[in-house]
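See below for the structure under consideration.
To find a chain, count down the sequence lines: A is the first, B the second, and so on, and within it residues start at 1. Below, all heavy atoms of this structure are taken into account, side chains as well, without hydrogens, waters or symmetry copies.
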Amino acid sequence: MSTAAHGAGEPCGDGLRERETVRTGGRHGGESAASRATSASTKDEDAVEAPRNGSDFAHLFVFANEKAGMKKVDKEHVNQIVFEMSKGSEHFKEAQRRDERTQAEVRKLRAKLATTLESDLAPVRHRVDAKVTKLLRERDLSRIYCVVDMDCFFAAVEMRDDPSLAGKPMAVGGLSMISTTNYLAREYGVRSAMPGFIARKLCPELVFVKSNFDKYRQASQEVRDILKKYDPKLHAGSLDEAYMDITDFVDVKIATEQAGANLDADAQTARRFHVAERVVQAMRDEVSAHTRLTCSAGIARTRMLAKIASDRNKPNGQCVVPWQPEKMLRFTRELAIRKVPGIGKVAEKKLKDALGVATVRDLWDKRYLCAHLLSAVQADYLLRVTLCCTNPSVSSSQASSSSAASSSAAAVSALPSAFGQGEDNQRGRKSIGMERTFSQGASSVQELFDTCLDICARLSRRCVEKQLIGHCVTLKIKKSSFEVFTRQTIVTNAVPRCADGTDLFEHARELLAREMPCRLRLMGIKVSKLIDPSHAPVKIVSSGVLHAVKPWMMRRTLK
DNA sequence: GCGGATCAC
DNA sequence: GATGGTGATCCGC
């Protein structure tokens, strides 16, 4: 465990002395050989190029990090295969370009750090200290949260329905991309988000199963129906995940089970958590009995911690984060920052390489530096994380986006608001889009426009079904080089107003025409700035071309 | 407001 | 030989 990245040992760890510039201390404490190699090369421009192996490039791939069931994988070997299969490809080159940009960001942060004086931080300290006081005062630990996460969900469904798969390493997906694997496959280093052709190299006997989302949706619904008995308002984060507040269920159980002796507050909380563990165990038993699928769960006083805990005893296990504030805090501060929802590959690299932050404890120790060097939004979120203040605040508008992490980009989607779930409820939605990858690149004018129209038509059908129209049309294109661009336009009359997509295509076509000629591997269309369709001045029709449709011809008008 | 980037599943 | 789709947010300009 790396705690080497601390300051010189001052209480607050910034390691500053008066009038001295800020240092981060040994930033290479717990880093991999890979990041050492890259860090060294950024530091010493003319350093001798060391021989490279696959592990030196592992950081370029999303699937290089730890995942449940992959503890004993020979990572060196996996990295080498992935590298061999990837090097020289367009995808690999783009990954390298992105990494280069990230490293440039790191250098910028370091430069900023190098010129930071103690005097710069004085006002920051005040601000942060005040914020900490405020956050702790407002912290709400009154609820008990549970996050349920299905084990290898897609793969588990397929194995359940075809027992012959059970003893074999298998993956759901195809040669281009894998969405889930079972634990046998993970022993080979094969995991989600890995291209299938690399997976097959790692594990030649790997069985591929094509994904069947209807089946997963069905299974997911069955699970949800059980979970709803424990929290009717549960939020389905995705097909294989549910965010629950089991406080009420636990309290009712306690009330009916035993007369509440005169316990003090701590003893009551202790009992509630004890009951919560039993409740969640029973709930999980019920899920597996009814669906023959296993799940794991996390229990904690914040949704973020419950989410993190849900991964800890996978598969088919559960983990409770201690309820005592000091213990909960210790659990939190020992976490690697990558475990924090919203901190991904890039943010981790920046925090580690530029600030020497590897754990939440480091985040706390360097909170003043973070406040000074990072954006207000990000610093605020990270500070909340260190204090376990990630629960939705009661005061703020509960309705719209009271996410536990409303200040961090991806954390918001990771910890969705407990609001707006269900197929008919599109209130929370901000955009709707559709994209398609060409199997072998598309460049002819005909093909590009045909595809564009096709995507517009399919997307429009979905929009009409869900009664969604919006004022912003975005075209997304990915070139054969894997570079991605977006082009958007605001349209006066919200689209789409017809299910065949002709009006949407009008705008998308213009955006596309401006980018021609081009060779693409992906095209996507998105509609955003959505409005309430009942306010639309013109009715949306489910079929037909709008301008050709007279009111009496409309087969069906939608609200 | 736009376009790029990041993140999660 | 070959690396996905959907939705959301944040940031710099």
Provide, to the nearest angstrom, the distance between the [atom1] atom belonging to [X] and the [atom2] atom belonging to [N].
X        : N     : atom1 : atom2 : result
A:Lys349 : B:dC7 : NZ    : P     : 12 Å
A:Leu468 : C:dA8 : CG    : P     : 10 Å
A:Glu435 : C:dG7 : CD    : P     : 9 Å
A:Phe63  : B:dC7 : CZ    : P     : 16 Å
A:Glu483 : B:dT6 : CD    : P     : 14 Å
A:Ile477 : B:dA5 : CD1   : P     : 14 Å
A:Leu175 : C:dA2 : CG    : P     : 13 Å
A:Lys479 : C:dT3 : NZ    : P     : 17 Å

Short side-chain N/O contact to [N] OP1/OP2 from [X], under 4.0 Å:
X        : N     : answer
A:Arg338 : B:dA8 : yes
A:Thr102 : B:dT6 : yes
A:Ser179 : C:dG4 : no
A:Arg429 : C:dG7 : yes

message: Suppose we call two aromatic rings close when their centres sit under 6.0 Å apart. Are A:Phe61 and A:Phe83 close by that rule?
response: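 Here the rings of A:Phe83 and A:Phe61 have centres that are no less than 6.0 Å from each other.
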- prompt: side-chain contact (heavy atoms from CB on, under 4.5 Å) with A:Val73: which residues, sequence neighbours excluded?
  reply: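 For A:Val73, the residues satisfying side-chain contact (heavy atoms from CB on, under 4.5 Å) (neighbours in sequence not counted) are A:Met70, A:Val78.
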message: According to side-chain contact (heavy atoms from CB on, under 4.5 Å), who are the partners of A:Val346, at least two apart in sequence or on a separate chain?
response: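 If we apply the side-chain contact (heavy atoms from CB on, under 4.5 Å) test to A:Val346, skipping adjacent residues, the hits are A:Thr102, A:Lys350.
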query: Where do A:Asn313 and A:Gln318 come nearest, in terms of heavy atoms and distance?
result: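 Here A:Asn313 and A:Gln318 meet closest at ND2-O, 2.8 Å.
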task: Could you check which residues of residues 193-208 of chain A get a heavy atom under 4.0 Å from DNA chain B? Sort them by number, please.
output: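 Contacts with DNA chain B under 4.0 Å: none.
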query: Can you list, by residue number, the residues of residues 209-220 of chain A that have a non-hydrogen atom closer than 4.0 angstrom to DNA chain B?
result: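 Within residues 209-220 of chain A, no residue comes under 4.0 Å of DNA chain B.
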Interface polar pairs with nucleotides 1-3 of chain B, N/O, under 3.5 angstrom:
{"residue": "B:dG3", "atom": "OP2", "partner": "A:Gln488", "partner atom": "N", "Å": "2.7"}

If you measure from the Lys or Arg side-chain nitrogens to the Asp or Glu carboxylate oxygens, is any gap between [X] and [Y] under 4.0 Å?
X        : Y        : answer
A:Glu348 : A:Lys345 : no
A:Glu94  : A:Arg98  : yes
A:Lys93  : A:Glu90  : yes

- request: Could you identify which residues of residues 85-93 of chain A place a heavy atom less than 4.0 Å from some atom of DNA chain C, listed by residue number, or say none?
  value: A:Ser86, A:Ser89, A:His91
- request: Could you list by number each residue of residues 516-527 of chain A showing a heavy-atom separation from DNA chain C of less than 4.0 Å, or answer none if no residue does?
  value: A:Arg521, A:Leu522
- request: Apply the test salt bridge (charged side-chain N to carboxylate O under 4.0 Å, His left out) to residues A:Arg107 and A:Glu100: give CA-CA distance (whole Å), side-chain angles for both, the deciding distance (0.1 Å), then the verdict.
  value: CA-CA 11 Å; A:Arg107 287 193 292 271; A:Glu100 189 45 54; 3.3 Å; yes
task: Please name all residues satisfying salt bridge (charged side-chain N to carboxylate O under 4.0 Å, His left out) with A:Lys476, sequence neighbours left out, ordered by chain then number.
output: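 Scan of A:Lys476 (salt bridge (charged side-chain N to carboxylate O under 4.0 Å, His left out), adjacent residues dropped) gives A:Glu435.
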message: So, using salt bridge (charged side-chain N to carboxylate O under 4.0 Å, His left out) as the criterion, who are the partners of A:Arg458 when residues are at least two apart?
response: A:Asp454
message: Closest-nucleotide mapping onto DNA chain B: is A:Arg101 or A:Ser238 further toward the 5' terminus? I mean the 5' end.
response: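 Result: A:Arg101.
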query: Where the side chain of A:Lys430 is concerned, which of B:dC9, C:dA8, C:dT6 is the nearest nucleotide?
result: C:dA8
message: Can you identify which nucleotide, out of C:dG4, B:dC9, C:dG7, has its nearest atom closest to the A:Ser431 side chain?
response: C:dG7
message: Filter on ring-ring contact (aromatic ring centres under 6.0 Å, His included), then keep only pairs touching residues 450-491 of chain A, sequence neighbours left out; what's left?
response: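 Qualifying pairs: A:His91-A:Phe482.
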- request: Start with the C-alpha distance between A:Ser55 and A:Asn79, add both sets of side-chain angles, then the distance that settles side chain to side chain donor-acceptor pair (under 3.5 Å), and finish with yes or no.
  value: CA-CA 5 Å; A:Ser55 293; A:Asn79 290 339; 3.1 Å; yes
- prompt: Which residue pairs pass the side-chain hydrogen bond (donor to acceptor under 3.5 Å, both in side chains) test when at least one of the two sits in residues 189-208 of chain A, sequence neighbours left out?
  reply: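 Only A:Asn65-A:Arg191, A:Tyr188-A:Glu205 qualify under side-chain hydrogen bond (donor to acceptor under 3.5 Å, both in side chains).
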- request: May I ask you to establish whether A:Arg186 and A:Tyr183 are in a cation-pi arrangement, using a distance under 6.0 Å from NZ or CZ to the six-membered ring centre and at most 45° from the ring axis?
  value: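 Yes, a cation-pi geometry holds between A:Arg186 and A:Tyr183.
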Name the nucleic acid region contacted by [X], choosing base, sugar-phosphate or nothing; use a 4.0 angstrom heavy-atom cut-off, strictly under.
X        : value
A:Ser528 : nothing
A:Ile432 : sugar-phosphate
A:Ala95  : nothing

message: Pairing donors with acceptors under 3.5 angstrom, does anything connect the side chains of A:Gln80 and A:Glu76?
response: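 Side-chain D/A pair, A:Gln80 to A:Glu76: absent.
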- prompt: Quick one: do the A:Glu222 and A:Gln218 side chains pair a donor with an acceptor below 3.5 Å?
  reply: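 Short answer, yes.
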Are [X] and [Y] close enough that some pair of their side-chain heavy atoms sits under 4.5 Å apart?
X        : Y        : value
A:Leu60  : A:Gln96  : yes
A:Ile477 : A:Val484 : no
A:Tyr216 : A:Ser211 : yes

Tabulate atom names and distances for all N/O pairs under 3.5 angstrom spanning the protein and nucleotides 11-13 of chain C.
{"residue": "C:dC11", "atom": "OP1", "partner": "A:Ser375", "partner atom": "OG", "Å": "2.1"}

task: Please confirm whether the backbone N or O of A:Met244 pairs with a side-chain atom of A:Asp231, one donor and one acceptor, at under 3.5 Å?
output: no
